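Below is one structure, written out as structure tokens, with a few remarks after it.
As the structure is a computational prediction, the values presented were derived from the model and not from experiment. When a residue number appears, it is its place in the shown sequence, counting from 1. Just the heavy atoms: all of them, side chains too, but no hydrogens, waters or symmetry mates, feed the values below.
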Amino acid sequence: MLLVAHGTRDPRGGRVVRRLAHAVGRTLGTSVRTANVDVVGPTVPEALRGMSGRVVVVPAFLAAGYHVRTDLPAQLAESGHEAEVVVAEPLGPAPELARAMLRRLREAGWRSGDPVVFAAAGSSDERALEDVDRAADLLGRLVHPAGEPLRATYVTSAHPRTAEVCASGAGGEFVAPYLLAPGLFHRWLREMPSRATAEPLAEAPEVVELIARRYLDACRADPARASTVPFSS
């Protein structure tokens, strides 16, 4: 497996992706390498040069925006390894991520009935925003069992802005970051008025479970790899 993330200069983000790769590799019994589509290396072509045979690429993105639809295919084409690659679905939206966000909220002190602000990074890609809306709906079903919808807010690039929503509240909200790893956006969220800001998803067990599921689904959809799936769920 090649686990492909966005890339960040914050060393904590890189460590999260590497720890996820290690945990998923241990779960599946297969080797897992990492790559980034932006900011820092290794790039996808660089990572693929060290891999042989067929590779399952799992995009570690919470929505299918520009990086998933444009950057990743372009880097695969550049690599010359494209014919030997099976690309899985991106991570989000998915029920596992909603359960992981609920875990993080509870760790931050949230209890049933406390107000929640769903905070995503933001995107100019309407299809990515639709994915985020579905992710907010999945978390809303867990934090508001009675059916009250949970609306997505955004740190940047889209509206409503999380900062405006937090500023208009009474400061008693729990912020639920729809972020994979710590970094600049999470720091900004922690500076906004709220009761508490939960931690990013990081290596929550549900995230490891989801990455493994994305890998297995891609293997099952590819007849050339169907007989080599090392693990079944």
Cluster overlap L189 with L105, hydrophobic side-chain contacts below 4.5 Å:
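Hydrophobic grouping puts L189 apart from L105.
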
Report whether Y66 and L129 are members of the same hydrophobic cluster (ILVMFWY, side-chain heavy atoms less than 4.5 Å apart, transitive linking).
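In one cluster: no.
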
Could you tell me the separation between the OG1 atom of T43 and the CG atom of N36, rounded to the nearest 0.5 Å?
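Atom-to-atom, T43:OG1 and N36:CG are 9.0 Å apart.
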
Check the orientation of F118 and Y178. Use parallel for under 30°, tilted for 30 to 60°, and perpendicular for over 60°.
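The rings of F118 and Y178 sit tilted, inter-plane angle from 30° to 60°.
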
Answer yes when [X] and [Y] have at least one side-chain N-carboxylate O distance shorter than 4.0 Å, and no when they do not.
{"X": "D137", "Y": "R134", "result": "no"}
{"X": "R195", "Y": "E173", "result": "no"}
{"X": "D10", "Y": "R15", "result": "no"}
{"X": "E107", "Y": "R104", "result": "yes"}
{"X": "R213", "Y": "E89", "result": "no"}

4.5 Å side-chain heavy-atom contact, [X] and [Y]:
{"X": "V57", "Y": "V86", "answer": "no"}
{"X": "T34", "Y": "V4", "answer": "no"}
{"X": "V165", "Y": "M192", "answer": "no"}
{"X": "E209", "Y": "R99", "answer": "yes"}

Residue R12 excluded, over 12 heavy atoms near CZ under 6.0 Å:
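Atom CZ in R12 is crowded, with more than 12 foreign heavy atoms closer than 6.0 Å.
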
Please answer whether the main-chain N or O of [Y] pairs with a side-chain N or O of [X] as donor and acceptor at a distance below 3.5 Å.
{"X": "D131", "Y": "A64", "value": "yes"}
{"X": "R214", "Y": "L91", "value": "yes"}
{"X": "Q75", "Y": "V37", "value": "yes"}

A88 to A218 - nearest heavy-atom pair and separation
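Scanning both residues completely, I find the closest heavy atoms to be CB-CB, 3.9 Å.
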
Can you give me the closest heavy-atom contact between H67 and F61, atom names plus distance?
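For H67 versus F61, the nearest heavy atoms are CB-CE2, 3.7 Å.
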
What do the steps show when you test D114 against R111 for salt bridge (charged side-chain N to carboxylate O under 4.0 Å, His left out), and what is the final call?
CA-CA 6 Å; D114 292 334; R111 296 293 180 268; over 6 Å; no

Going by side-chain contact (heavy atoms from CB on, under 4.5 Å), L2 matches just one of L76, V58, V44. Which one?
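Exactly one candidate clears the test, V44.
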
Tell me, with the steps shown, if H186 and R190 meet side chain to side chain donor-acceptor pair (under 3.5 Å).
CA-CA 6 Å; H186 191 252; R190 295 185 67 167; 4.7 Å; no

